[in-house]
Structure formats: C-alpha cells, structure tokens
2 protein chains.
Amino acid sequence: MTVDDDQLDRSFAALADPVRRAMIARLSRGPATVNELAEPFPITKQAVSRHIQVLEAAGLITRTRDGQRRPCHLVPAALEALTSWIDNYRLETERRFRRMEALLKENES
Amino acid sequence: MTVDDDQLDRSFAALADPVRRAMIARLSRGPATVNELAEPFPITKQAVSRHIQVLEAAGLITRTRDGQRRPCHLVPAALEALTSWIDNYRLETERRFRRMEALLKENES
DNA sequence: TCCTTGATCAACTGATGTGTTGAATATAGG
DNA sequence: CCTATATTCAACACATCAGTTGATCAAGGA
C-alpha cells in the first residue's frame, strides 16, 4: 500500500498520542467498541470517540456496524505503509554507513 | 533499540510534519547543515532550526560540530525503533486474521 | 411506545505547535 | 580587532488539538 503526504501526516499524528497508541495495541488483539476502548482511560467517552475518528481518518482503523455498536478493526496494511516509508530512509542510511566504513578500512590499509 | 512512551510521542510527532519528513529524506542521503536543509523550503532559517531541534529531541538525528556549521546526521536505530513498535501490532493483527481464516475454512468443510 | 444503552455533535477552554521578526551568540578570516 | 556567516534565542500571532459539559441521534428491549 502506498500513501500520499496527507495520509502520512494523519497517520503519524495519530500515533503521536499515548491514548491512541494504546488503542492500537488493544485492537491488535481483536475488534473493540468505543466503550471497550474507553474502559482503561480516565477520560470521557466523547474524547475516546474523537480519538477513534482520528485513527479512522488516518486509515489506521475501519469500523463496522453491529446493532448499536460500532466495532473498530485495525488495518494492518496501513501500518505496513508507515513502516515501509520509514524503512526506506533507514536502509538508505545504513547502506551509506557501510560504504563509509568500507572506504575507511580501504584507506587505512 | 527500545524506547519509552515519551520517546514514541516525540518521534511520531516529529514525523507528523511534511517539512521534517523531507528533512529525513534529505539526511538519508548524507549529513547536512541548517542552511542546506533550509534551502528547499519557503520558510525562515529560524523555523528550520526549530524543526531540527524537534528531530534532535526525538533522537531521530544527532549533530556534530564543524567550525561554524552544525551538521545533522540521521540515526537509523531510532527509525528502527519506530518500525519495530508498529510491526509488533501489525504482525499480531495479521496472525489473528490468519487464524480467523483458518477457522472459517474449517467450519465450511 | 417508552426507556435504556451506544455513540456522536456542538460549543467552549487551555495547552501546544508552527510560523514570523528582531536581537544575540559563536566561529572563521582578513 | 572587525566583519561576515551560521545558528540560536525571545517574544509574539495564529491555528490546531485534547479535553470538558450538555444536547442529540440511533438501535434494542420491556
């Protein structure tokens, strides 16, 4: 999955909050409703509802309908898009470091 | 490399800005000074200087001294810490999806 | 239909973030 | 010493964000 710049903005901003990261961790173990996600936190359900909207706008989760409930589901492909963005630059940097080391070793011999 | 919650806050928040992401991309190709990093952007160097401080506080870059210059260097291990945090939950979710699929297939037979 | 539960909308507050301008600091070089 | 260059600090404006309370909407069950 490839993402545009706005999607990266929203995704990284979504992860830049401990409450939303804890929700991601919870959802990795299975779907959950607003009430279930709210349970561990000392904040109102309205606040939790908005955290969920942030995650959904980022594409990190989707929502289904189950009667009155609106269960949330993690979207692994969206997470994968972030890691591949980061890995791109990490790997490039590590390659450069290895080339530098090789050059140093060559010069000292 | 393992990071604490505050470090994750700062790192993801640092990446939630297109200017800082472009700086990461630039630095993956080699060290650069404030002036070099500022060049592509229509903002003041003071603003660029603060973007750099944000990246440094997140541990994503380090800085050295070269006369008046303060070159920035990307820290691949810090990027790796982020991808492994994300991958942890992505892989857990994908494992769960595969178990679900297996169960469905078993029940339909 | 009435009441309860799950979830969201609207308006407001305080904190944080990103940008500006202007002044200050530090190092290199004549 | 004096000046130019690289960078940072300080103070301010403006926008966005996370939280609150109170009202509203939607679906289920007696």
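Basis for what follows: all heavy atoms, side chains included, without hydrogens, waters or symmetry-related copies. Model, not experiment: these values are computed from the prediction. By convention in this document, chain letters (A, B, ...) are assigned in the order of the sequence lines, proteins followed by strands, and residues within each chain are numbered from 1.
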Item to check | C/dT8 phosphate, OP1 or OP2, under 4.0 Å from A/Ser49 side-chain N/O | outcome: yes

Checklist entry - From B/Glu39 CD over to B/Arg26 CZ, what is the distance, rounded to the nearest 0.5 angstrom? => result 10.0 Å

Checklist outcome for this item: Angle separating the five-pair end axes of the helix from C/dT1-D/dA30 to C/dG30-D/dC1, nearest 10°, is 20°

Item to check | From A/Arg90 atom CZ to B/Ile24 atom CD1, the distance as rounded to the nearest 0.5 Å | outcome: 13.0 Å

Next on the checklist: Checking B/Arg95 against B/Glu92 for the salt bridge (charged side-chain N to carboxylate O under 4.0 Å, His left out) test, could you report, in this order, the C-alpha distance in whole Å, the side-chain angles of both residues, the deciding distance, and whether it holds?
Outcome noted: CA-CA 5 Å; B/Arg95 274 194 295 271; B/Glu92 178 60 34; 2.9 Å; yes

Checklist outcome for this item: Once base and sugar-phosphate atoms are separated, protein heavy atoms under 4.0 Å mark nucleotides 18-23 of chain D, 5' to 3', with B, S and - as BBBBB-

Item to check | Side-chain N,O (B/Arg63) to OP1/OP2 (D/dA6) below 4.0 Å | outcome: no

Next on the checklist: Taking 4.0 Å as the cut-off, does a side-chain nitrogen or oxygen of B/Arg70 come that near to OP1 or OP2 on C/dT25?
Outcome noted: no

Checklist entry - Would you call B/Cys72 and B/Ile52 a side-chain contact if the rule is heavy atoms closer than 4.5 Å? => result yes

Next on the checklist: Just the rounded figure in Å: distance from C1' of D/dT8 to CZ of B/Arg69.
Outcome noted: 17 Å

Next on the checklist: If we count only N and O atoms by modelled type, under 3.5 Å, do the side chains of B/Gln7 and B/Arg10 hold a donor and an acceptor together?
Outcome noted: yes

Next on the checklist: For the NE2 atom of B/His51 and the NZ atom of B/Lys45, what is their distance to the nearest 0.5 Å?
Outcome noted: 15.0 Å

Checklist entry - Who pairs with B/Arg21 by side-chain hydrogen bond (donor to acceptor under 3.5 Å, both in side chains), at least two apart in sequence or on another chain? => result A/Asp5, A/Asp9

Next on the checklist: Measure CD/B/Gln53 against P/C/dT18 and give the value in whole Å, please.
Outcome noted: 12 Å

Next on the checklist: Whole angstroms only, please: what is the CG-C1' distance between A/Asp9 and C/dT18?
Outcome noted: 13 Å

Checklist outcome for this item: All heavy atoms of A/Ser28 vs all of A/Ala25, minimum pair found to be OG-O, 2.7 Å

Next on the checklist: Return a single string for nucleotides 25-30 of chain D, one symbol per nucleotide in 5' to 3' order, where B is base contact, S is sugar-phosphate-only contact and - is none, cutoff 4.0 angstrom on heavy atoms.
Outcome noted: --BS--

Checklist entry - Parallel, tilted or perpendicular: which describes the rings of B/Phe12 and A/Phe12, with under 30° parallel and over 60° perpendicular? => result parallel

Checklist outcome for this item: One should read off an interatomic distance between B/Ile61 CD1 and B/Gln53 CD, to the nearest 0.5 angstrom, of 9.5 Å

Item to check | Contact check, side chains of B/Val19 and B/Phe41, non-hydrogen atoms, under 4.5 Å | outcome: yes

Checklist entry - Are any of the side-chain heavy atoms of A/Leu82 and B/Leu15 separated by less than 4.5 Å? => result no

Item to check | Sequence-distant partners of B/Glu36, salt bridge (charged side-chain N to carboxylate O under 4.0 Å, His left out), two or more places apart | outcome: none

Checklist entry - Which ones in residues 28-35 of chain B lie close to DNA chain D, meaning a heavy atom under 4.0 Å from one of its atoms? => result B/Thr33, B/Val34, B/Asn35

